[in-house]
Amino acid sequence: MFDFEKLDIYQKAKQFNKEVYSFLRNSKTIDSVSKNQLRRASLSIMLNIAEGSSRFSKPDRRNFFVISRGSAFECAAIFDFLKDETILTEEEFTQFYGKADELSRMLFRMIGNLTGN
């Protein structure tokens, strides 16, 4: 088992990605550009957590966690767009947005721990 697999943040990101992929698989109304971007952004969260955990220096790890957090923000923006386009219900939006927010907050704490703040 790799160290990143033991991280709660990685497991939450993995579950989030799984839920996003399931939603996208079952959605027939999302355009291909938005679908592709959301798929890549949600996957990027967990991949950058994994890659960052492999780095030896704090600045290197921090950089990957910052990128991962940016991908969570990107997901939130896509969800907001899909809600405005009435592709996402208010309930779906609240659920996905809340999970992206939770990941963002966890990553923020991890980034803070690596910067000494």
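Since the structure is predicted, the reported quantities are computational estimates derived from the model, not experimental observations.
Listed by first and then second residue, the salt bridge (charged side-chain N to carboxylate O under 4.0 Å, His left out) pairs that reach into residues 9-24 are Lys12-Glu102, Glu19-Lys99, sequence neighbours excluded. Screening residues 105-114 for salt bridge (charged side-chain N to carboxylate O under 4.0 Å, His left out) gives Asp101-Arg105 as the qualifying pairs, with residues at least two apart or on separate chains. Among pairs with a residue in residues 61-71, those fulfilling side chain to side chain donor-acceptor pair (under 3.5 Å) read Ser44-Ser71, Arg69-Ser104, at least two apart in sequence or across chains. Screening residues 43-86 for ring-ring contact (aromatic ring centres under 6.0 Å, His included), with sequence neighbours left out, gives Phe79-Phe96.
Residues meeting the side chain to side chain contact (heavy atoms under 4.5 Å, CB included) test with Asp60, sequence neighbours left out: Arg55, Ser57. A search for ring pair (Phe, Tyr, Trp, His ring centres under 6.0 Å) contacts involving Phe93 returns Tyr97, not counting sequence neighbours. Remark: Thr86 engages no residue in a side-chain hydrogen bond (donor to acceptor under 3.5 Å, both in side chains) (not counting sequence neighbours). Under the rule for a side chain to side chain contact (heavy atoms under 4.5 Å, CB included), the partners of Thr94 that lie at least two apart in sequence or sit in another chain are Glu90. A search for side chain to side chain contact (heavy atoms under 4.5 Å, CB included) contacts involving Lys6 returns Met1, Asp3, not counting sequence neighbours. When the side-chain hydrogen bond (donor to acceptor under 3.5 Å, both in side chains) test is applied to Ser54, no partner is found at least two apart in sequence or on another chain. For Ser32, the side chain to side chain contact (heavy atoms under 4.5 Å, CB included) criterion is met by no residue, not counting sequence neighbours.
Rounding to the nearest 0.5 angstrom, the gap separating the CZ atom in Phe16 from the CD atom in Gln95 is 10.0 Å. In this structure, the separation between CG on Leu7 and CD1 on Ile49 is 8.0 Å, given to the nearest 0.5 Å. Here the CG atom belonging to Leu47 is positioned 9.5 Å from the OG atom belonging to Ser42, to the nearest 0.5 angstrom. For the atom pair CG (Leu82) and OG1 (Thr89), the distance works out to 11.0 Å, reported to the nearest 0.5 Å. The OG atom of Ser22 lies 11.0 Å from the CG atom of Asn17; values are rounded to the nearest 0.5 Å.
Considering every non-hydrogen atom in both Lys35 and Ser27, the closest pair reads NZ-O, 3.2 Å. The heavy-atom pair separating Ala13 from Met46 by the smallest distance is CB-CB, 3.8 Å. The heavy-atom pair separating Ile9 from Met110 by the smallest distance is CG2-SD, 3.6 Å.
Looking only at side-chain heavy atoms (C-beta outward), Glu74 and Arg40 stay at 4.5 Å or farther from each other.
Hydrophobic clustering (side-chain heavy atoms under 4.5 Å, transitive across Ile, Leu, Val, Met, Phe, Trp, Tyr) groups Tyr21 together with Ile30. Under the 4.5 Å side-chain contact rule for hydrophobic residues, Val33 and Val20 do not share a cluster. In the hydrophobic cluster analysis, where Ile, Leu, Val, Met, Phe, Trp and Tyr join through side-chain heavy atoms closer than 4.5 angstrom, Leu114 is grouped together with Leu103.
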